[in-house]
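Below: the structure, in structure tokens.
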Amino acid sequence: MRIPHLRRAATVGAVALIAFGAAGAFLSGPALARANSQVFVVHGIPGQPVDVYVNGDKTIADFQPGKVAGPLSLPAGQYDIALTKPGDALANALLTVDDADVPGDANISLVAHLSAAGDPALTPFANDTTTLAAGKARLVVRHTAAAPAVDVRAGGEPVFEDLTNPNESKADIDAGTVSADVVLAGTSTRVLGPADLDLKEGTATIVYAVGSAEDETLDLVSQSITGLHSAPGGVPSGDGGGADRGVPLPWYGVGGAGILLALLGLVRLATGRR
């Protein structure tokens with residue numbers, strides 16, 4: 001398999017953004033005027049860096065696969081978005097979406113990745129920012145790779161079993177360092193890891209499996225959300241492995257898990273997949 005051209009991913013992304021804009025319109029009333037959204041963007045498609053433009057301004061240059069942008073604090077509003085190959089003019093954009101609505105008060109990770117079949121996909125995940133008990137950390141594993149079902153092990157023992165693309169599993173566990181790896185479901189055949197995960201108290205560590213098994217580009221991308229202690233001192237935010245930070249990138253936001261599922265369904269319909 002060869003990595004598909006980004007234009008195919010842009011087509012899928014455009015459908016998701018159009019659907020997102022329609023959903024945002026239903027959530028823009030005064031009763032739902034809340035705090036800014038916290039948005040992360042995860043680039044998990046191998047081989048195609050991009051420049052990101054928002055309202056005509058380049059906000060991220062040469063955004064590389066395996067990177068995480070954010071957390072981005074986004075006020076509710078409408079934004080024009082374009083993705084280009086690095087250095088290309090806006091007139092040659094791979095994707096343009098106008099007037100994308102961003103509602104407030106959400107914590108979202110948007111992941112550009114490969115589907116199980118190796119097609120580009122854009123999947124939004126709602127980040128669980130509920131508070132954690134003292135001494136606890138949250139571990140979230142998201143399967144966003146062109147690979148079959150997997151088991152995730154900690155210390156050689158399965159923790160999450162039969163995880164498929166594009167789904168997640170999570171658990172609140174004791175804080176500390178965990179040695180984790182990923183194996184084909186029901187086997188001991190390792191496909192990723194082992195990797196030492198530093199699970200700090202009061203944080204959510206999110207690990208993404210990205211890339212393609214067939215093309216031997218499988219990799220792990222990590223993201224951390226802080227401020228989840230039982231008595232948090234502020235709005236939950238975070239960082240990620242290889243994060244691009246401090247970038248004013250108004251992009252996406254959604255108003256809850258139901259809309260996330262609706263968006264995902266529309267993306268699947270656009271690609272003709274069930």
Side-chain angles (χ1 to χ4, degrees), residues 23-24 27 31-42 68-76 102-111 123-144 152-155 157-161 163 166-180 195-209 220-247 249-264:
L27 298 172
L32 292 178
R34 303 178 185 176
N36 289 0
S37 291
Q38 299 294 304
V39 179
F40 299 86
V41 183
V42 182
V68 180
L72 314 170
S73 183
L74 311 185
V102 176
D105 200 15
N107 194 303
I108 304 299
S109 290
L110 288 159
V111 188
T123 301
F125 290 91
N127 295 321
D128 183 354
T129 59
T130 56
T131 56
L132 288 159
K136 294 293 184 179
R138 181 166 295 135
L139 175 61
V140 184
V141 179
R142 292 170 176 168
H143 188 333
T144 54
V152 181
R153 305 187 302 183
E157 296 297 324
V159 178
F160 306 127
E161 297 183 276
L163 184 60
N167 296 296
E168 68 172 22
S169 292
K170 63 182 179 180
D172 294 350
I173 61 178
D174 291 338
T177 301
V178 174
S179 179
D196 288 335
L197 304 177
D198 184 11
L199 307 180
K200 292 184 170 61
E201 180 182 1
T203 68
T205 298
I206 306 171
V207 180
Y208 300 87
L220 294 175
V221 176
S222 64
Q223 172 190 349
S224 179
I225 297 177
T226 60
L228 306 184
H229 300 83
S230 296
V235 176
S237 62
D239 57 27
D244 291 304
R245 301 191 185 115
V247 181
L249 175 60
W251 199 338
Y252 311 76
V254 289
I259 292 175
L260 292 177
L261 293 174
L263 283 175
L264 181 55

Might you point out which heavy atoms bring N36 and P75 nearest each other, and give the distance in Å? OD1-CA, 3.3 Å
Testing the basics here: between S222 and V68, what is the closest heavy-atom pair and its distance to 0.1 Å? O-CG2, 3.9 Å
Looking at side-chain heavy atoms only, is the closest gap between F40 and N107 below 4.5 Å? yes
Return the set of residues passing side-chain contact (heavy atoms from CB on, under 4.5 Å) with A204 (not counting sequence neighbours), or none when no residue passes. R138, I225, L228
Interatomic distance, NE2@H229 vs OG1@T131, rounded to 0.5 Å, equals 11.0 Å
Please list, chain by chain and in numerical order, all residues satisfying side-chain hydrogen bond (donor to acceptor under 3.5 Å, both in side chains) with D174, sequence neighbours excluded. K136
The salt bridge (Lys or Arg N to Asp or Glu O under 4.0 Å) partners of R153 (sequence neighbours excluded) come to D181
The criterion is side-chain contact (heavy atoms from CB on, under 4.5 Å); which residues satisfy it with T205, sequence neighbours excluded? L199, T203, V207
Heavy atoms of A175 and K200 approach each other most closely as CB-C, 4.1 Å
Shortest non-hydrogen contact between A126 and I108, atoms and distance: CA-CD1, 4.1 Å
Interatomic distance, CG@L220 vs CG@L197, rounded to 0.5 Å, equals 8.0 Å
Go through the structure and list residues passing side-chain hydrogen bond (donor to acceptor under 3.5 Å, both in side chains) with T177, not counting sequence neighbours. none
Grab the two heavy atoms, one from D196 and one from S179, that are nearest each other, plus how far apart they are. OD1-CB, 3.5 Å
Does S109 have any side-chain hydrogen bond (donor to acceptor under 3.5 Å, both in side chains) partners at least two apart in sequence or in another chain, and if so, which? N127, Y208, Q223
Using side-chain contact (heavy atoms from CB on, under 4.5 Å), reason through L139 and V178 one step at a time and then give a plain yes or no. CA-CA 10 Å; L139 175 61; V178 174; 5.6 Å; no
Please report the shortest heavy-atom distance between L163 and S169, naming the atom on each side. CD1-OG, 3.6 Å
